[in-house]
Each structure stands twice: as C-alpha cells, then as structure tokens.
Colleague: 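Once you've had a glance at the structure underneath, I'll fire off some questions.
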Amino acid sequence: MSELQKAYEPQAVEEKWYSWWIERGHFTADPSSPKPAYSIVIPPPNVTGVLTLGHVLNNTLQDILARRARQTGHEVLWLPGTDHAGIATQTVVERKLRKEEKKTRHDLGRDEFLKRVWEWKEKHGGIIINQLKKLGCSCDWTRERFTMDEAYARKVQEVFVDLHAKGMIYRGKRMVNWCPVSLTALSDEEVIPKNQRGFFYHYKVEVVEKPGTFLEIATTRPETIMADAAVAVNPKDPRYTSLIGLHVRRPLPTGVEALLPIIGDEAVDFEFGTGVLKVTPAHDKTDYEIGLRHDLPVVDIFNPDATLNDLAGDEFAGLDRFEARTKAVDKLREIGLLVKEEPHENNVGFSERADVPIEPRLSEQWFLKYPKTAEARDAVRNHLIRFFPDRWEKVYDHWLENIQDWCISRQLWWGHRIPVWYPTENAKGEMGNVKCQIESPGDGWTQDSDVLDTWFSSWLWAHETMEPAALAKFFPTSVLVTGPDIIFFWVARMIMASLEYTGQVPFKDVYFTGIIRDKQGRKMSKSLGNSPDPLDLIAKYGADGIRFGLLRIAPQGQDIKFDEQQIVEGRNFCNKLWNACRFRQMQGPLNANADPSQHELSLFASDLLARLDATIRRVNEGYEAYRFSDIAQALYDFVWGDFCDRFIEVAKSDFATDSPRRAGTLATLDYTIKRILQLLHPYAPFITEELWNGLGLGTESLMHSGWPVASSFQADPRSEAVFVAVSQARNLRSTYGIPVNKRLPWQLTPAADWVKNEAPVLSNLLHSESLTFCETAPQGHAACPTHIGTIYLPLEGIIDPATEKKRLNGEITKVEAEIEKVARKLASETFVQNAPADVVAEHRQRQQDWLNRLAELQRAQSGLA
RNA sequence: GCGCGAUUAGCUCAGCGGUAGAGCGCUUGCUUCACACGCAAGAAGUCACAGGUUCGAACCCUGUAUCGCGCACCA
C-alpha cells in the first residue's frame, strides 16, 4: 500500500469496504455450516422510520456482537427487516393523500388505498435499511424480511386461527381505549399516562324527592354529564346513605327532563372529591362496571372522532369534546348549579401515536387471552432467559403477574386482516355464525373489516422469519438487543409466542439498552429539535467515530446523555490509531506473522505485551457481561495510553539509532497492531479493515482473521518506573517554566544498574541535550528523586536556588502529609491486628517509599546551601 | 401509593471494602522528524445528607432529600 495519508478520512473508505464485504458474502449466514451458530434478529424498525441515535446505539450493539461472533469462529445470522407499523404507515399515506389529492382513504376505497400504501412502501419505505448499511451493520441482507411478506402474513393469520380454535381469542363488547384521531381501538400498552393540569368542576344537583336538598358532585369531565345514568355514593358513607334510592335531576342538556337514581356502590371512594360520583357508563371504565352492576343504560354521546352526537342534545351536538367541556361549564354557571372550579392535576391516558387523550369507549373487539404466561414467567425467573441488566426481570415479572387480555383488533386498513368471515347479509353478525379461517368460505361471506395490532405480527418475529433449515441451525437466537420501552410490547409477547409455537424460548439473553437523551436529560424528539441526524454525524465524523464515541459512553442499562463532543472523541480516536499505524509503516513493511517471543525484548516491549494480554482478557470479560462501554474504554486506554503515549515514544529511540532492539520492537509493534485491529474491529469495522489491508496484514477480510488470544508475556514494573520518573522530571522542568523545546544537560544517579541501559530512552523522553550518569549528587542542581534514581537539572543560569528551595519545601510538605496519613494508620493496633497481612505489608511498604523520598528531598535541599 | 434507577472534579461518567480516577473543558508551555483530530505539565472533589456495620466505607446496611422512569390510582 502507498503511504497513509496524514489524517484518516472515513468518507473515502467506508463505502468501498461495505460493498466489498457484501460482494464477498461475508454477512450471509449458512445454515449448513459446521461452525457453532450465533444469531440475532433485528428489532424491525418501522418501515416509515428514519435512523435515530437510538437506532444507532441499538444496531451498533448488535453489529458488535455479530462481528465479534464471526471473529470467534461462529456462523452468524443477523436477520434484518422492517415492520409494517399499522397506524404509523397508514397515517403517513393518508396525510400524503390529503395533501396531494385532497382525498381520504374512504374516497379511494379499501383496495385502492392499500394499493397506494404498497406503492408508498416500495418507493419510500425502508429508507432506514440503507441508513443501517451506512452505519456498517453486517446484517444478512439476503434474508431481509417484512412483517407483511406473503409467507409471514400467512403465519400471522394461521396463529390467529389456531388461537381462536384453542378458545384463546374471542370477540367481545368491552370498554377499550379508543383513539379519536386514528379512529381505532388500542391496547393498554399503547396508552401513555400523562400528568395534566386541569380543573375539578364542582356542581350541585337537587334531590327530587327532597326539594331544597342538593348533592355536590366533583368532576373533571363535565362534557359527559349528558351521558350520566346515575349518581353513586358509597353505601357506607354516613353522609349519603339515607339518599340511596332517591333521584336527582340531571342538569344537562338543559331543557331535557332526566331523573337519575342515587345508587350505592362500593367502588366510590368517599375520601375523594365530594364522595359523590356521577356515573357515565359509556365513557368511563369504572362507571361502566358500576353500570353493569346496577343495570344502568349506556348512552354514548360521542362520535368516533370524539365530537358529540345528537344524544348530547342540540346545544352540544357537533362540538369537539374540549369545546363541549367549556360549554358544559358555562351552562352550569348559567343555570346557577356550578359551585366552584378548582385547579386539579390528574393523569390522562394519551394515545402513543397520535398524542391525544384516548376515550374509553364501549365497542366490539377481538381479544386474546395470552398463552404460556406461567411458562414465560418461569423462563425469566429461572434464567432460561437472562436479562441484562437483571433489574428488568422484576418489571417483566410484575407485568406478567397482572396481565390483562390483549385487545388485538384495529379499525385500520393497513395490516393483517382478521381471518374471520361473516354471512354477508349479517356482517359482524351473531357469534354463532362466523367462520375463522384464512380463505374465504365462498360467496355470501364477508371478511371482518378489522386488521390485527402490529405487535400481533411482530411477536412471531424471532421464529417465523426463518425457514426450517435456518430455524434448525439458528433458533433459539443468541441474544436480543432492544430498548426497555418495548419490554411488554415485544419482548414479553415474543417469549410467549415462541413458547407456544416452538416450545422453546426465542433467545437466551436480552440486552436492554439505555435511552439516549440530550444534554439536559430530555428525550430526543422531533418537536424539541434536539435530535441530531445520525447521517450528518456519520458524514462529519465517520461511521466508526460515531460508533466508538457513542458506545464508549453507553454503560449497561443507564440512559445516555448525548453530546456531540463524544462523537468528536470517537473520530479523534480513529485518527490516533491511524497515525500510530502510519508511524509503524514509516519503518518499512509489516510482518503479518511477527512473533515477539522469538526476539530479545526490551523491558518496555515486554511490559506492553503483558498489557495487551490484560486488555484482551478485559475485553473478553466485557463481552461475557455485555459491558460494552468497558470494552471501548479498555481499548481506548490501551491504544492511546499504553501503545501510543508510551511504547511508540520509546520505540522512537530504538529506531533513531542502530539499536539492537530494533527487531524486537518492530515485532512487538506488528504483533500488537494486528491484535488491536482485531479487537477493535467490532466497534470500528471500517478503519480496521482499511488498515488491515493497507498494512498488508492480510488479503482476506479482517473479519475472518480470528480473535486474539491472551498470551503469557511478563509485566515489567521497571517500565512503569521509567515513565513515572520521566513524568516527575518533566514536572521539575515545567515548574521552572523551561519550555519543552529547550534542550538541557540532564544528570541521573541511577538506583540500579539496568537504568543505565535506558539512557537513549530517557534522553529521548526528556528531550535532553545530554544525559549523563553520576555516582554522587552534583552540586548546584535541582534534584528530583524517583524510583529509578535522582534526576538532576543544572541550576546555573536557569534556576534560582531560592526558588528551588521553596519548591522542595512544597514537595516535602506534601510528602510529610502522606507519611503522616500512613503512619496514623499503622499506629492503630486494631488495624495491624485485624487487617489482612498483605494489606498491612502494603502500607508498610508505602510508608517506606514515602520516607525514602523525603530523605532524598531533604538531601537535595541541604545540597543547595 | 408501590417498585426501579440516579446523585463522585465546571461537564459527561468510571470506580462498588484497603493511597479518590478518566475524557472533555480550564491554566501554562510546545510548528519534539505518527497524529494540533496532537504532545507535555498543572489546577480542580468534606464521593447528596444523616445514622449504622467494620480495624478501615465513595463502595455494605437503614433512613432522608432531590431528579428521572415504570406500575397503580386518575369522580
């Protein structure tokens, strides 16, 4: 390869290597491979989706696991795909239709509308797939799936038919969460409670049988008064027991005479509000249940879009629910029944997608009684499936313990149509006369118009995306990487579906990522504009930069406060690695099979190799425990600190002269670079592949070059001693404001013979004019005691003895404080008696070290006089 | 109300029983022949608070406070 450029330019190489990997089929999984399997299914992003930082985090993690598994000799399947995302996609296409053609989906009709959605999907869908490729994701794109693929869709319907046959799916008229914008029912999980500031409206109603006696009612929803069917009190509430059985006059709509019974029901909390509850069976879940108990009529005054209908009376019909609220309050005030409005905070359920308050609504829907709930709980409780971090186990268990039937029907067009047929003359007719099957029973039968909840298809993702051969090889999958926000939506349901249909758990481990927030800790959102576009970041800093930068600050299970500076650091790190390799390349071609153990090694080389061994172990441990940021940090520390700052600086003196160390140092560099690239490849695939090939370490992809194994090189503490000593000497120089580029004659009284061998290294690191060894302290020098001996700097013309004396005094004070600290501890009998022997010994050693240093400092001081 | 997390240097975080750490930022010096996306030196912390356990606590236990997240309630 030609000489490397001065700075790493990711844009130039990323696309090249990505297509190279694809062309060579490096990401393609082979079910017939004899290698052990490693598999991941991607959490399918919405087909409408565009890449967010959350996706970057999530998919980089999966890519890291997949790539490392390939390096450790596994046959890897990382199965990608997208989710049809019922509501989201239908909304997008409807909006486009309204904007471009001023039409609604009803203007087109069902078939034509679905045709348009498919067209949209083919044209604009799956942008995110290309974005994932830019990130470097090593998915097996030959197996890309979509939740509406023909085969997959059929499976979804088969599962419906099967569960129906087993009696676990049933149709029922129930209170459901209704989204007045999307015009569909939602599951409980799709309702997000939000704290709202509103008002508690107090109004009074007269007891018909006791004129002049009034009951005061507190409500947050006066717009539903017109649908009230009763007034309820707690039968044990002494204030009101005598009134049970009597009636009140309903105030709204005005001019309509309606009498409501006063009923007693245990559900009423007499501490809350006034202890009197208006009962609106059609528009509140609790009220509906009270209504059932007391056989109350259900009067629905809302249209599906939450405007009021004729049953609400002329004065309200046609109004939006919030307008109606204001109007209802005005009317109550007008007729003198409004007592007060007091500020009130309560939680209101919002539709996850449309972000508007949902309406409890009585409607006919399909429900699922979840299968295998007990087994699903046990699987996690007994660690058949391991959660990382494990605290999510409790959340999962709690949800399953209190699990409610799942409302799976949606009043949408885009999705898997419910495989149920009704006689045409009686569409949605009597329960007795329906057929649950995929194909039409023939003329005279009409299919249910609803589709299934999107999650009713994604819960099969882990196993229905694989054909039998792949299933045999790659299922159960190795790990699932996902956000904790879909633990109920997806993770729990996938476990149940998998247990029901494969008899196995769908994955062995689940890694829950953190949520990415902005610097102020707020969630990333479009409306806040605090969500940087990952593609911009990739263009600016390279895919490796964003991957490494983000992963380094993504500790297990903690939310991540995002700061672009961290991506800058990722980019800088890549550049550092690049330049380290560039330095090596300047010494001539690399030897891909370099073996340092065949050479005489300097103490620095030996110590570096021991640190490499330690790093390999640290990285491996990190993978065992899914501690991704630890791995990144370990690599960062080793590459930047041990390799660049220390070893390369030392190596320079080996290369400057005809040092006998040259061969050993070259071998050490080559050996280490090779392993650094292998270790770093999962985190930074592009730059490592570029360097691997560019430096001639291999002609095949680095991805199949294996994974480094820790050897048994011996750490050499002399290395550390040299660096610490050099640092102390530089400190001395810095104290006197001597610029680094000023070359000086340094002297050193070596503490051991070996120190003399390191003269070139020391001289180089100190940037000295000369370095000479002496047996005794030279006069007129500033002294700096270190573990390798005392280092001297000439005072004459540079240093004022008085200043030096002051500096030494400062040092002495510090050292004395340390000695005092250790001495106090050692003086404690209880410490000496109770602490382990090695701890005590370590303290004694520390004390001795400090005392030695003190003696040297004092000697230096007296030498000045 | 119940549960879970967080609280360590100006910022972002690591450390989870034995001398308080990193990166950034800051100060100072350096066009040192890999890198200024860099090098070197430095300043900077009663580890939220209060008790307890221990020879020894940032770390373990018990409370408290503040922030955040679930679940429940939500007239």
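Order of the sequence lines sets the chain letters (A, B, ...), proteins ahead of strands, with each chain counted from 1.
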Colleague: Could you run down nucleotides 57-62 of chain B 5' to 3' and tag each one B, S or - for protein heavy-atom contact under 4.0 Å?
Modeller: ------
Colleague: How would you label the contact of A:D637 with the nucleic acid (heavy atoms, under 4.0 Å): base, sugar-phosphate, or nothing?
Modeller: nothing
Colleague: Distance check, C1' atoms only: B:G18 and B:G56, in whole angstrom units.
Modeller: 7 Å
Colleague: Would you say CD of A:E401 has more than 12 non-hydrogen atoms from neighbouring residues, nucleotides or ligands within 6.0 angstrom?
Modeller: yes
Colleague: Show me the pairs that pass ring pair (Phe, Tyr, Trp, His ring centres under 6.0 Å) and involve residues 814-844 of chain A, at least two apart or across chains.
Modeller: A:F831-A:H843
Colleague: When you measure from the side chain of A:T735 to the backbone of A:N731, do you find a donor-acceptor pair of N or O atoms at a distance under 3.5 Å?
Modeller: yes
Colleague: With a 4.0 Å cut-off on N to O distance, would you call A:D630 and A:R618 a salt bridge?
Modeller: no
Colleague: With nearest nucleotide decided by heavy atoms, which residue, A:D563 or A:V276, maps closer to the 5′ end of RNA chain B?
Modeller: A:D563
Colleague: List in chain and number order the residues that pass salt bridge (charged side-chain N to carboxylate O under 4.0 Å, His left out) with A:E811, two or more places apart in sequence or in another chain; answer none if no residue qualifies.
Modeller: A:R853
Colleague: Output yes when A:R662 and A:D654 qualify as a salt bridge under the 4.0 Å nitrogen-oxygen rule, no when they do not.
Modeller: no
Colleague: Considering only the C1' atoms, how many Å lie between B:G17 and B:C61, rounded to the nearest integer?
Modeller: 13 Å
Colleague: On RNA chain B, check which nucleotide each of A:H344 and A:E842 is closest to and give me the residue with the more 5' one.
Modeller: A:E842
Colleague: Classify the nucleic acid contact of A:V568 as base, sugar-phosphate or nothing, counting any heavy atom under 4.0 Å across all strands shown.
Modeller: nothing
Colleague: Do any N or O atoms from the side chain of A:H283 and from the backbone of A:I301 form a donor-acceptor pair under 3.5 angstrom?
Modeller: yes
Colleague: Please measure how far the P atom in B:G5 lies from the corresponding atom in B:G15, and state the result in whole Å.
Modeller: 15 Å
Colleague: Between the protein and nucleotides 31-34 of chain B, list every N/O to N/O distance that falls short of 3.5 Å.
Modeller:
{"residue": "B:U31", "atom": "OP1", "partner": "A:N741", "partner atom": "ND2", "Å": "3.1"}
{"residue": "B:A34", "atom": "O3'", "partner": "A:R582", "partner atom": "NH1", "Å": "3.3"}
{"residue": "B:A34", "atom": "O2'", "partner": "A:N579", "partner atom": "OD1", "Å": "2.4"}
{"residue": "B:A34", "atom": "O2'", "partner": "A:R582", "partner atom": "NH1", "Å": "2.6"}
{"residue": "B:A34", "atom": "N7", "partner": "A:K652", "partner atom": "NZ", "Å": "3.2"}
{"residue": "B:A34", "atom": "N6", "partner": "A:C644", "partner atom": "O", "Å": "3.4"}
{"residue": "B:A34", "atom": "N6", "partner": "A:E649", "partner atom": "OE2", "Å": "2.9"}
{"residue": "B:A34", "atom": "N3", "partner": "A:N579", "partner atom": "O", "Å": "3.2"}
{"residue": "B:A34", "atom": "N3", "partner": "A:A580", "partner atom": "N", "Å": "3.4"}

Colleague: Please give the distance between the C1' atoms of B:A44 and B:G52 as a whole number of Å.
Modeller: 32 Å
Colleague: Can you tabulate the close N/O pairs, meaning under 3.5 Å, that link protein atoms to atoms of nucleotides 51-55 of chain B?
Modeller:
{"residue": "B:C55", "atom": "O4'", "partner": "A:N834", "partner atom": "ND2", "Å": "3.2"}
{"residue": "B:C55", "atom": "O2'", "partner": "A:T830", "partner atom": "OG1", "Å": "3.4"}

Colleague: Assess whether a salt bridge exists between A:E769 and A:R743, defined as any Lys/Arg side-chain N lying under 4.0 Å from an Asp/Glu carboxylate O.
Modeller: no
Colleague: With sequence neighbours left out, what residues match A:E820 under side chain to side chain donor-acceptor pair (under 3.5 Å)?
Modeller: A:R824
Colleague: Is it true that A:R846 and A:E842 have a side-chain N and a carboxylate O under 4.0 angstrom from each other?
Modeller: yes
Colleague: Is a salt bridge present between A:K340 and A:E342, judged by a nitrogen-to-oxygen distance below 4.0 Å?
Modeller: yes
Colleague: How is A:R627 classified with respect to the nucleic acid when contacts are heavy atoms under 4.0 Å: base, sugar-phosphate, or nothing?
Modeller: sugar-phosphate
Colleague: Which dot-bracket string fits RNA chain B when only Watson-Crick or G-U wobble pairs with both atom distances under 3.5 Å count, crossing pairs get [ ], and | stands for a partner on a different strand?
Modeller: ((((((((.[[[[.)..(..]]]].(((((.......))))).....[[[[[..)....]]]]])))))))....
Colleague: Please check if atom NE2 in A:H787 has more than 12 non-hydrogen atoms from other residues, nucleotides or ligands closer than 6.0 Å.
Modeller: no
Colleague: For atom P, what is the distance between B:G45 and B:G21, given to the nearest Å?
Modeller: 14 Å
Colleague: For the P atoms, the ones on B:A57 and on B:U19, what distance do you get once it is rounded to whole angstrom?
Modeller: 12 Å
Colleague: Check nucleotides 23-27 of chain B against the protein and report each pair of N or O atoms closer than 3.5 Å, with its distance, or say if there are none.
Modeller:
{"residue": "B:G23", "atom": "O2'", "partner": "A:E569", "partner atom": "OE1", "Å": "2.5"}
{"residue": "B:G23", "atom": "O2'", "partner": "A:E569", "partner atom": "OE2", "Å": "3.1"}
{"residue": "B:C24", "atom": "O4'", "partner": "A:E569", "partner atom": "OE2", "Å": "3.3"}

Colleague: Using the test salt bridge (charged side-chain N to carboxylate O under 4.0 Å, His left out), find all partners of A:E569 that sit at least two apart in sequence or belong to another chain.
Modeller: A:R552
Colleague: Using a heavy-atom distance cut-off of less than 4.0 Å, which residues of residues 192-201 of chain A contact RNA chain B?
Modeller: A:F200
Colleague: Check nucleotides 3-5 of chain B against the protein and report each pair of N or O atoms closer than 3.5 Å, with its distance, or say if there are none.
Modeller:
{"residue": "B:G3", "atom": "O3'", "partner": "A:K394", "partner atom": "NZ", "Å": "3.3"}
{"residue": "B:C4", "atom": "OP1", "partner": "A:K394", "partner atom": "NZ", "Å": "3.1"}
{"residue": "B:G5", "atom": "O2'", "partner": "A:Q558", "partner atom": "NE2", "Å": "3.2"}

Colleague: Take atom P in B:U32 and the same atom in B:C39, then report the distance between them in whole Å.
Modeller: 13 Å
Colleague: Which value, in whole Å, describes the distance between the P atoms of nucleotides B:A58 and B:A36?
Modeller: 43 Å
Colleague: Might you list the N or O atoms of the protein lying below 3.5 Å from N or O atoms in nucleotides 41-47 of chain B, with each pair's distance?
Modeller:
{"residue": "B:A41", "atom": "OP1", "partner": "A:S727", "partner atom": "OG", "Å": "2.8"}
{"residue": "B:A41", "atom": "O2'", "partner": "A:S734", "partner atom": "OG", "Å": "2.9"}
{"residue": "B:G42", "atom": "OP1", "partner": "A:N731", "partner atom": "ND2", "Å": "2.6"}

